[in-house]
Amino acid sequence: MKKQLLALVATLAVGASALAADPKLVINPDQPGPVIHRNIYGQFAEHLGTGIYEGMWVGPESKIPNVRGWRKDVVSALKDLKVPLVRWPGGCFADEYHWRDGIGPRNKRPIKINTNWGGVPETNAVGTHEFFDLVEQLGAEAYVNGNLGTGSAQEMSEWLEYMTGEGKSTLTDLRRKNGRDKPFRVHYFAVGNESWGCGGNMRPEYYVDLYRQAVTFLKTPEKNRPLFIASGGHDARTDWTEVLAKGLKGVPFDAISHHGYTLPTGKWEKKGSAVGFPEAEWISTLAHTQRVDEWVRKNTAILDQHDPARKVGFYFDEWGSWYDPEPGSNPGFLVQRNTLRDALLAALHFHVFHAHAERVKMSNVAQMVNVLQAMILTSKDQLVLTPTYHAFKLYTPFQDATSLPVRIDDNPVYKVGAVEMPGLSATAARGKDGKLYVGLVNANANQPAELTVQVGSTSPKAARGQLLTAAAMDAQNELGKAPQVLPQAYEAQAAGGRLTLKLPAKSVLVVAIEG
Ligand code: AHR
């Protein structure tokens with residue numbers, strides 16, 4: 001009897017697994033969605049720790065090879081990444097930054113204390129001219145963040161005149177005297193940063209009045225008019241979006257800046273470690289990232305009520321992982337290691353931003369070098385490209401691509417303890433080169449996955465691209481050591497009329513689909 005019962009249980013188990021269908025990726029190529037603005041792949045460089053000084057700027061006299069002070073190796077790696085946009089000078093730093101401190105002979109510039117980040121001296125060696133030199137070397141657009149917190153409408157308006165003015169004025173002559181004849185091209189200008197917190201601890205209603213007043217005086221030549229960005233909320237908050245959307249009618253207002261960081265534990269006092277973490281923190285981090293979709297959805301739904309023509313952008317201009325600081329580092333420098341987990345986290349953000357490309361026309365990872373979820377880590381003349389760098393590189397074909405509807409049928413659930421999330425995530429787009437690109441994430445730390453691919457009603461013939469994975473959840477690329485996370489060439493051919501993509505556990509895959 002016992003034997004019969006065991007046989008029955010075994011049969012039921014086989015039957016159940018036979019019933020669990022393989023996941024299927026279904027792309028609809030005939031209903032193109034909005035263009036994925038390349039500035040979704042923007043980057044953030046703040047005067048913070050060694051993010052700018054040492055990490056990127058070494059000064060023209062340095063022995064480290066540089067072009068007018070900017071490290072050649074770093075600029076070259078960032079150019080390979082096709083960085084489309086750089087946001088500067090902060091962050092919290094922006095609301096204490098006075099632009100006049102950063103012009104003229106560098107040895108005469110005032111030294112200030114960086115009160116936000118470690119209380120260290122700020123030499124102002126990098127100022128307006130140096131920043132624009134960087135973006136011009138990168139071929140990127142410039143996003144300048146104005147100072148509303150300790151600044152004024154007058155100070156911001158004079159900065160814009162200094163940067164963009166064409167005719168003769170004391171300020172444009174000063175720019176010329178400082179070595180720049182033609183105006184700088186300012187693509188975006190933000191009025192304050194995180195005005196709910198480090199930018200002034202304001203209520204949104206008060207901010208709305210300050211913004212309205214300031215933006216009235218922010219004038220530039222028409223052809224050099226930046227898009228004006230209002231400081232918005234963060235995470236799941238929607239109150240700032242609500243008040244801004246209602247209160248900023250009738251004044252220049254092109255977008256809201258929203259911020260959201262991913263902390264493994266969700267707690268600022270003990271965020272979780274960047275390396276050596278348990279699987280529970282792998283999944284909590286990635287599941288948290290998936291909530292970004294809900295935050296964007298809720299906020300853009302509010303914008304839709306007030307701006308049905310969808311003229312106002314919802315820019316996610318600070319995102320990324322935020323872990324406990326690297327032991328032994330200055331906690332104000334926000335130094336953290338970067339692992340395979342960060343590569344998946346970046347890819348999941350891209351998928352969300354692509355899905356909301358109609359409103360999310362810009363986002364900036366925090367930050368570019370040596371700070372938080374950096375692309376590059378440096379020490380003296382050494383440099384290492386992080387797993388996040390490689391994730392950005394894989395997704396470059398999505399810059400200015402046209403998004404396509406995509407879904408995963410029978411998506412397996414990934415569960416650890418009480419936390420669960422969809423095991424697979426996908427995005428698809430028609431690239432500027434005409435190819436059909438797919439990005440995939442297998443969040444499961446242990447189980448590989450296989451997906452069949454369907455494009456419209458047909459089964460494609462092949463897929464070629466690059467895969468990012470590693471043996472350990474916290475595999476990293478360390479200075480002076482062989483990198484553990486590097487892209488590998490990937491190829492799959494259809495068999496029996498079906499194209500199947502095999503994804504190892506904990507992996508990111510970007511492929512062009514053929515046939
Ligand atoms: O990226 C670090 C800081 O995080 C920024 O300065 C601030 O805007 C945010 O709180």
Side-chain angles (χ1 to χ4, degrees), residues 42-53 55-56 85-98 112-120 122 126 131 143-151 188-202 204 207 229-237 240 255-263 266-269 271 274 288-289 292 295 314-326 329-338 342 345-346 349 362-377 386 388:
Q43 309 244 336
F44 175 33
E46 178 166 16
H47 289 239
L48 193 176
T50 57
I52 291 182
Y53 300 118
M56 285 196 276
L85 165 101
V86 185
R87 175 175 182 238
W88 172 85
C92 297
F93 181 83
D95 279 301
E96 293 191 26
Y97 180 64
H98 299 284
K112 297 277 181 80
I113 292 170
N114 190 332
T115 60
N116 283 291
W117 305 118
V120 294
E122 163 59 54
V126 170
F131 167 65
Y143 172 179
V144 176
N145 208 115
N147 176 351
L148 183 72
T150 62
Y188 301 87
F189 190 88
V191 180
N193 166 73
E194 293 194 353
S195 301
W196 46 265
C198 66
N201 284 312
M202 301 177 202
Y207 174 82
I229 304 172
S231 174
H234 61 99
D235 303 327
R237 275 182 87 161
W240 277 74
I256 292 178
S257 136
H258 195 90
H259 295 174
Y261 287 94
T262 300
L263 285 58
K267 295 191 182 96
W268 284 97
E269 357 22 298
K271 304 172 198 66
H288 184 278
T289 295
V292 174
W295 304 345
F314 188 72
Y315 297 167
F316 220 91
D317 63 8
E318 278 185 39
W319 63 266
S321 56
W322 196 322
Y323 305 126
D324 294 334
E326 172 70 4
S329 69
N330 181 333
F333 282 14
L334 311 185
V335 178
Q336 63 187 38
R337 293 182 190 223
N338 196 294
D342 295 282
L345 184 151
H349 275 90
M362 185 226 278
S363 93
N364 297 300
V365 63
Q367 299 193 6
M368 206 140 106
V369 178
N370 289 341
V371 175
L372 297 175
Q373 193 181 342
M375 308 301 104
I376 295 174
L377 302 175
T386 65
T388 299

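Each ligand, and each atom within it, is numbered from 1 in the order the structure gives. Hydrogens, waters and symmetry mates are skipped; everything else that's a heavy atom, side chains included, is used.
For the atom pair CD (Glu46) and CE (Met368), the distance works out to 13.0 Å, reported to the nearest 0.5 Å. The NE2 atom of His258 sits 10.0 Å away from the CD atom of Glu194 when rounded to the nearest 0.5 Å. Taking CG from Leu334 and CG from Asp324, the interatomic distance works out to 11.5 Å, rounded to the nearest 0.5 Å.
With a 4.0 Å cut-off on non-hydrogen atoms, Asn116 does not touch ligand 1 at all. Under 4.0 Å from ligand 1, not a single heavy atom of Trp319 appears.
Remark: ligand 1 atoms within the under-4.0 Å shell around heavy atoms of Gln367 are 1 (O), 2 (C). Interface of Phe44 with ligand 1, defined as ligand atoms under 4.0 Å from a residue heavy atom, comprises 1 (O). Remark: ligand 1 atoms within the under-4.0 Å shell around heavy atoms of Glu46 are 1 (O), 2 (C), 5 (C), 6 (O). Per-residue contacts place Asn193 under 4.0 angstrom from the following atoms of ligand 1 (heavy atoms of the residue considered): 8 (O). Listed by number with element, the atoms of ligand 1 under 4.0 Å from a non-hydrogen atom of Leu372 are 1 (O), 2 (C).
For the residue pair Gln367 and Leu48, the shortest heavy atom distance occurs at NE2-CD1, 3.6 Å.
Trp88 and Tyr97 have their aromatic ring centers within a separation under 6.0 angstrom. Aromatic rings of Trp196 and His234 (six-membered ring for Trp) have centroids within the 6.0 Å cut-off, being under it. Ring-centre distance between Trp295 and His349: not below the 6.0 Å cut-off.
Heavy atoms of Phe93 come nearer than 4.0 angstrom to ligand 1 in no pair at all.
For the pair Cys92 and ligand 1, the shortest N or O to N or O distance falls below 3.5 Å.
Side-chain polar atoms of Asp317 and Tyr143 form a donor-acceptor pair below 3.5 angstrom.
Of the protein's heavy atoms, Tyr261 OH, 2.8 Å lies nearest to atom 1 (O) of ligand 1. Counting only heavy atoms of the protein, atom 7 (C) of ligand 1 lies nearest to Glu318 OE1, 3.3 Å. Ranking protein heavy atoms by distance to atom 10 (O) of ligand 1, first place goes to Glu194 OE1, 2.7 Å.
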